[in-house]
There are 2 protein chains.
Amino acid sequence: MKVPPEVVESRLERFMGVAAQAGLKLTHQRLVIYKELARTGEHPDAETLFRRVRKKVPTISRDTVYRTLWGLQELGLVETLGHPGRQVRFDANLDKHHHFVCTRCGKVEDVYAPEFDRLSPPGRVKKLGRVERIAVELRGVCADCAGKERVGRKGR
Amino acid sequence: MKVPPEVVESRLERFMGVAAQAGLKLTHQRLVIYKELARTGEHPDAETLFRRVRKKVPTISRDTVYRTLWGLQELGLVETLGHPGRQVRFDANLDKHHHFVCTRCGKVEDVYAPEFDRLSPPGRVKKLGRVERIAVELRGVCADCAGKERVGRKGR
DNA sequence: GGCTTGAATCGGAATAATTCCTAACTAAGA
DNA sequence: TCTTAGTTAGGAATTATTCCGATTCAAGCC
């Protein structure tokens with residue numbers, strides 16, 4: 001779950017580069033938010049990040065967190081994911097990868113699978129639009145939730 | 001976009017069967033909601049269905065629509081989908097298929113691709129949990145949105 | 001180091017989507 | 001027909017997210 005320091009470092013460098021390129025001001029808030037996201041592999045949602053970041057910058061506002069995250073995704077520095085109807089989750093991992101999503105608790109785990117990376121859109125979709133990314137989602141019930149299966153039901 | 005009558009018919013039959021099996025009462029509301037979903041291929045969200053259904057049952061409440069839809073998905077009669085951060089969309093099409101999702105407007109189109117159906121989870125995910133379905137999502141910009149590309153921006 | 005200025009932030013209000021609550025209703029079985 | 005457990009209506013509540021106006025601040029310039 002914890003991202004190795006050298007990976008965090010390289011993500012940060014990319015962030016600095018892309019941000020400068022885009023003419024963004026390097027505010028304390030932006031840096032703290034990006035760092036917090038870059039150092040975790042848990043695909044947190046905005047509220048979770050807000051709570052974590054607030055420990056370091058107690059006056060930060062939710063709006064700033066949301067605005068920054070969507071801004072980062074527009075720059076291609078983070079990806080959004082999540083199960084429909086649940087909160088958006090954010091991911092600073094730009095390596096080719098896919099996800100296992102628990103349909104009960106919403107947890108997301110990275111899945112690396114070259115055979116998924118190799119997929120290409122069937123010819124017919126060309127007329128629907130331009131495909132930018134192929135995301136494979138393995139949906140199911142995570143080990144934790146499977147354990148609780150017949151207890152507290154009523155999931156979502 | 002319109003589902004052929006004989007397909008609607010067979011969906012309805014399955015609905016009746018599964019509902020009876022599950023011991024659900026066959027209420028007018030449930031039937032109307034399911035029919036409305038079964039007859040369209042547009043993957044509508046709950047609000048859209050609510051508006052359509054209200055034309056036939058003017059006193060129906062949003063809650064009933066939501067409750068019914070999630071109930072149907074629990075029974076495996078509908079699938080939920082959509083892009084994170086947008087509304088949940090519902091789909092009564094249970095044939096093996098995948099989706100093209102427009103990241104600008106949220107529109108979803110069905111994609112049939114046997115090569116996607118054949119995928120199987122990489123061995124490693126076994127320890128993460130039980131995979132129930134593999135969903136391939138082609139994300140990009142639909143033809144409509146591509147047209148408007150440099151006009152009204154700001155879409156999210 | 002001090003100015004200037006447009007971008008960025010704060011924080012609370014507003015909105016959108018969804019769920020909760022409970023009194024009233026109704027399908028289905030006896 | 002009677003009973004009753006499941007279901008619904010409708011408005012309130014909750015949750016996630018965005019908006020907005022006043023204030024602050026990063027960064028280029030002197």
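In the text below, chain A, chain B and the rest are named by the order of the sequence lines, each starting its count at 1. Quick note: numbers below take in every heavy atom, side chains included, and nothing from hydrogens, waters or symmetry partners.
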Figure out the CG/C1' separation between A/D45 and D/dT15, and round it to whole Å.
11 Å
Measuring from the side chain of A/R30 (C-beta onward, heavy atoms only), which nucleotide among D/dT17, C/dA8, D/dT8 has the closest atom?
C/dA8
Rounded to the Å, how far apart are A/L69 CG and D/dT17 P?
10 Å
Would you say A/K35 and A/V8 make side-chain contact, with heavy atoms under 4.5 Å?
no
Does the side chain of B/W70 get closer than 4.0 angstrom to OP1 or OP2 of C/dT18 through an N or O atom?
no
Any donor-acceptor pair under 3.5 Å linking the side-chain atoms of A/H43 with those of A/D110?
yes
Is there a side-chain contact between B/H98 and B/D117 in this structure, where contact means two heavy atoms from C-beta onward sitting under 4.5 Å apart?
yes
Does a sphere of radius 6.0 Å around CD in B/Q21 hold more than 12 heavy atoms from other residues, nucleotides or ligands, not counting ones at 6.0 Å or beyond?
no
Interface residues of residues 47-67 of chain B with DNA chain C (non-hydrogen, below 4.0 angstrom):
B/R62, B/D63, B/Y66
B/I33 CD1 to D/dA9 C1', in whole Å, measures 12 Å
Set out, line by line, the N/O atom pairs under 3.5 Å between protein and nucleotides 22-30 of chain D.
unit_1, atom_1, unit_2, atom_2, d
D/dA27, OP1, A/L26, N, 3.0

Stepwise, does the side chain to side chain donor-acceptor pair (under 3.5 Å) test hold for B/D91 with B/H97?
CA-CA 11 Å; B/D91 189 355; B/H97 71 290; 3.0 Å; yes
Over 60° means perpendicular and under 30° means parallel, so classify the ring planes of A/F15 and A/Y34, tilted if in between.
parallel
Among residues at least two apart in sequence or on other chains, which ones pass side-chain hydrogen bond (donor to acceptor under 3.5 Å, both in side chains) with B/R52?
B/E42
Distance from A/R30 atom CZ to A/L69 atom CG, nearest 0.5 Å?
11.5 Å
